[in-house]
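What follows is a set of notes on a single structure, which appears directly below.
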Amino acid sequence: MWANHYDPQFNQQKSTMFRLKKGEHTYYFNLASQNPNWVGWIKGLLVYPETGQVEVKNARLVPGNVFINMISGWQEFWGPKGRDIIGSTINTIQPVNLFGQSIFVYIYWAIGLATLFVLALKRDFSQTGKFVFFIIALFWFLLEASSLYNNWLAVKADSQYIGKSYREKLVLANTGDFYPFIEFCAANLPLSAKFDLLIPPIYNDIKARYYLSPRQQTTTEAEFLVVYDPSPDQKLPGKFQLFKTFRENAYLMKKESNDNH
Amino acid sequence: MIIINLLTVILVPFVFGRLLLSALTGDEQPEIGFLEVSALSFAIGLGGVTILMYLLSWLNIPLTLLNILATLAGISAILIIFLFKEKSFFIRFKKPKFASLDWQEWLLTGLIFIKIVFVFFSALVKPVIDIDAILYYSIVAKGIFYGQSFFAPYLQTFIASKPPFPYLAQGWTLIGLQQPNDCYLKLFSAILFLCLIIIFYSVLRRSLSRKPSLVFAFFLSTLPLLVYHATTAYADLLITFYFSVAGLYSYLFIKQGQRNHLILALIFCGLTVWAKKAGFILAGIDLFLLFIFLPRPQLKKTIPYLAIFLVLIAPILAGRMIDTFGMLNPTLSFEQPQLSLEEKTSAMIPIVGKKLFLYADWHLTWLLFLAALIFFPKQLAKTGQNFLLAIILLSLLAILGQFATAGSFRWLLDGTLLDRLLMPVVPLTLFFSGQIFLAKLDGTSPAKGSVLAKSVRKT
């Protein structure tokens, strides 16, 4: 990630992703070709590993050359963008990028130029059509080879679930101690209970509603309040009192009975 | 125990579908192969089980395994008696020919197999993690499992006016398993993905030789967004499957005029309506074009068969589950930018172009489609091809029209909805491209039918 004088914040818009290999390695980035937001005065650089720690021993800003561009492109092509499922989306599959462009741009150029060449050579529309099919099929196979690599990455990521019990899988599928907390809630809330949530959006609140079903979530008739690491802007409603504690910032509250008023 | 329960979940729809298929189509399937019958049986049976669950719930009968199995057994007994009386208990299969494959066919078959293994592994190894699947579908499936009803008031907040197929199919999985283990909620997505490849290949095979048919079945098996949805518990694969199969058998009926193809087309059109809101429009397009492209003399004979479609969708219509035109109602939309249709269209074109051609959702499907249109325009007017082209274009128009006129415009702008909505049209687009290109390369004309199809008709 980088900050520039237009936007001094580090954010995803001004970033590029790459895979880290174990051990000491040299990585090359032609950032101008990978992200159009590499503009203005660069005020800072941030290397932010998704997991674990990295040590940057040496970093240099140098004018680009063919060698650096090629290595940077290679690194970008095999990088996470277009290969890893980032988050959980059902909406789209990102393309693999090369020099900041979708790989399809290069494929269309290749197919288009080859088609024009064959058309000029044979001067037969039908014969050229057959050629077009073969060249599209060829690129389809290459794209699929790339997709199979993505599938392999997905299998590697999912292999953590192999041989695990259903409970262990649920623990793995959630972050931190969220699923054990859900189990704690399930043990303390009757199946017919109605509850409300004080959980920061947008994933864990939805998952809590799902995991605690058939208990019903309601904002108006809740007898219990499920609290899990609330954000500072989420205020505790006054009508509930502490019921059971899982840990600090993760607990169950129960609606105060009328006798307490 | 879980293995037995899983077998129950899979075999019950399969056997029920097999009986329904035999009863509805009779002994008139000289072209059909064992795998195709199996894929059709499972898909029809799954539809049958969900419709039955819907009706049971509507009658306030608790959705327990015993109630569902008892009702299915009762209906199956009637079907078996009917089939024995009609002497059409078994559909005669085309005898499988195990001619040896060459290395290219082995490669294609192997690649398809790898993808299917990947889909089943990815679908079944982990719990439901897609937040949309949890939010919209799996929570209802769990509610059906615990509450033994589809119409429980709490569930209606999640169901809204969406058709019941995905909820009930997932609910059936949990009821059949007798436990709320959501790793298996994606089982049907994976099986339907396999069924789609089988049916797609089988229909292609009627007019093309084995290798080209395998090439296009391979293409279908590789579509990244389709593959991804085959591993989730969402509804888009469901509508894609039923609409595509409806389109394929409509195409066969237009080409060959066999009664069974019409019946299958109507059944799958009906189930398309059960799958997702857009199914009503897509099935409507299919049926409208079926009757437009049908030779006039056949039209009169065909109309009575519409009853199959109407009977299938009657429970949904009666239950007022569908608010299809709600999608087109701007009052339901979120806050919309006030843009004219012209402004919206000019904003849409670059986004649609980018989504169709520059994203990895569909590999090179849309380029192949364009190339087919450009290089072989004479093929487009031929019987069957014209129907396919019309269904693709009208469906695209309906999908894009929805963005131009309705509240979904913001979902187009943020790039989240278009890819999924296009999915039902993609297998037919690929099939159409295959027919056009491979007819030329394979030396057969789809309009006249291949040597294989002709010889079958002669028998």
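The basis for the numbers below is simple: all heavy atoms, side chains too, and nothing from hydrogens, waters or symmetry mates. Naming convention: chains lettered A, B, ... in sequence-line order (proteins, then strands); numbering from 1 in each chain.
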Quiz prompt | Options A:Val132, A:Ile136, A:Asn151, A:Leu143, ranked by heavy-atom pairs under 4.5 Å with chain B, top entry | solution = A:Asn151
Quiz item: Using a cut-off of under 4.5 Å for heavy-atom pairs, which of B:Ser138, B:Gly147, B:Ala371, B:Ala133 has the most such pairs with chain A?
Solution: B:Ser138
Self-check item: Proximal component of A:Ser146, with respect to chain B [non-hydrogen, under 4.5 Å]
Solution: neither
Practice problem: Heavy atoms only, distances under 4.5 angstrom: which of B:Thr157, B:Thr365, B:Val140 has the most pairs with chain A? Name it, please. | Solution: B:Thr365
Self-check item: Part of B:Leu108 within contact of chain A (heavy atom distance under 4.5 Å)
Solution: side chain
Self-check item: Proximal component of B:Phe376, with respect to chain A [non-hydrogen, under 4.5 Å]
Solution: side chain
Quiz prompt | Part of A:Ala157 within contact of chain B (heavy atom distance under 4.5 Å) | solution = neither
Practice problem: Kindly assign one of parallel, tilted or perpendicular to the pair B:Phe357 and A:Tyr108, based on the angle between their ring planes and the thresholds 30° and 60°. | Solution: perpendicular
Quiz prompt | Structural part of B:Leu418 lying under 4.5 Å from a heavy atom of chain A | solution = neither
Self-check item: Residue part contacting chain B, namely of A:Arg167, when any heavy atom lies under 4.5 Å
Solution: neither
Quiz item: Side chain, backbone, both or neither: which part of B:Phe158 has an atom under 4.5 Å from a heavy atom of chain A?
Solution: side chain
Quiz item: Which bit of B:Lys354 comes within less than 4.5 Å of chain A, counting heavy atoms only: side chain, backbone, both or neither?
Solution: neither
Quiz item: Side chain, backbone, both or neither: which part of B:Leu226 has an atom under 4.5 Å from a heavy atom of chain A?
Solution: neither
Quiz prompt | Residue selection (most heavy-atom pairs with chain B, distance under 4.5 Å) from A:Phe125, A:Tyr166, A:Phe141 | solution = A:Tyr166
Quiz item: Could you name the residues of residues 169-183 of chain A that have a heavy atom within less than 4.5 Å of a heavy atom in chain B?
Solution: A:Lys169, A:Leu170, A:Ala173
Quiz prompt | Backbone of A:Ile93 reached by a side-chain donor or acceptor of B:Asp361 within 3.5 Å | solution = yes
Quiz item: Counting heavy atoms not belonging to B:Trp106, are there more than 12 under 6.0 Å from its CH2?
Solution: no
Exercise. Carefully, step by step, assess B:Leu135 and A:Arg209 under the rule side-chain contact (heavy atoms from CB on, under 4.5 Å).
Key: CA-CA 9 Å; B:Leu135 179 62; A:Arg209 202 185 303 164; 3.8 Å; yes
Quiz prompt | Considering all heavy atoms, the nearest A:Arg215-B:Tyr154 contact | solution = O-OH, 4.1 Å
Self-check item: Per-residue contact mode, B:Lys378 against chain A (heavy atom under 4.5 angstrom)
Solution: neither
Quiz item: Does any heavy atom of chain A fall under 4.5 Å from the side chain of B:Thr231, the backbone, both, or neither of them?
Solution: neither
Quiz prompt | Residues, nucleotides or ligands: over 12 heavy atoms within 6.0 Å of B:Ile3 CD1 | solution = no
Quiz prompt | Contact origin within A:Ile111 toward chain B - heavy atom pairs under 4.5 Å | solution = side chain
Quiz item: Would a distance-only check, ignoring hydrogens and angles, find a side-chain to backbone donor-acceptor pair under 3.5 Å from A:Tyr161 to B:Pro127?
Solution: no
Quiz item: Who among B:Ile374, B:Ile114, B:Asp182, B:Val227 has the most heavy-atom pairs with chain A under 4.5 Å?
Solution: B:Asp182
Quiz item: Atom OG in A:Ser213, atom CD1 in B:Ile134: separation rounded to 0.5 Å?
Solution: 12.0 Å
Quiz item: Between A:Ala137, A:Ala154, A:Ser126, which shows the greatest number of heavy-atom pairs under 4.5 Å with chain B?
Solution: A:Ser126
Quiz prompt | Contacting moiety of A:Gln101, where chain B heavy atoms sit under 4.5 Å | solution = neither
Practice problem: Report the residues that fulfil salt bridge (Lys or Arg N to Asp or Glu O under 4.0 Å) with A:Lys255, sequence neighbours left out, ordered by chain and then residue number. | Solution: none
Quiz item: Among B:Phe145, B:Trp362, B:Tyr146, who wins on heavy-atom pairs under 4.5 Å with chain A?
Solution: B:Tyr146
Practice problem: Tell me, for B:Asp236 versus chain A, whether the close heavy atoms (under 4.5 Å) come from the side chain, the backbone, both or neither. | Solution: neither
Quiz prompt | Euclidean distance, A:Glu144 CD relative to B:Phe219 CZ, rounded to 0.5 Å | solution = 10.0 Å
Self-check item: Exam field: side chain B:Lys142 to backbone A:Tyr210, donor-acceptor pair closer than 3.5 Å
Solution: yes
Self-check item: A:Trp140 and B:His363 aromatic ring geometry - parallel, tilted or perpendicular at 30°/60° bounds
Solution: perpendicular
Exercise. Measure the acute angle between the ring planes of B:Phe216 and A:Phe133, then classify it against the limits of 30° and 60° as parallel, tilted or perpendicular.
Key: parallel
Quiz item: Hey, which of B:Val215, B:Leu368, B:Leu367, B:Leu111 has the most heavy atom pairs under 4.5 Å with chain A?
Solution: B:Leu367
Quiz item: Just wondering, are more than 12 heavy atoms of other shown residues or ligands nearer than 6.0 Å to OH in A:Tyr149?
Solution: yes
Quiz item: Hey, what do you get for CZ (B:Phe121) to OG (A:Ser159), rounding to the nearest 0.5 Å?
Solution: 6.5 Å
Quiz item: Could you give the distance from CD1 (B:Ile139) to CD1 (A:Ile206), rounded to the nearest 0.5 Å?
Solution: 9.0 Å
Practice problem: For A:Gln94 and B:Ala360, work out which heavy atoms get closest and say how close. | Solution: O-CB, 3.5 Å
Quiz item: Do the side chain of A:Ser102 and the main chain of B:Leu358 share a donor and acceptor less than 3.5 angstrom apart?
Solution: yes
Self-check item: chain A contact via B:Leu421 - side chain, backbone, both or neither, heavy atoms under 4.5 Å
Solution: neither
Quiz item: Which bit of A:Phe139 is near chain B, if near means a heavy-atom gap under 4.5 Å: side chain, backbone, both or neither?
Solution: both
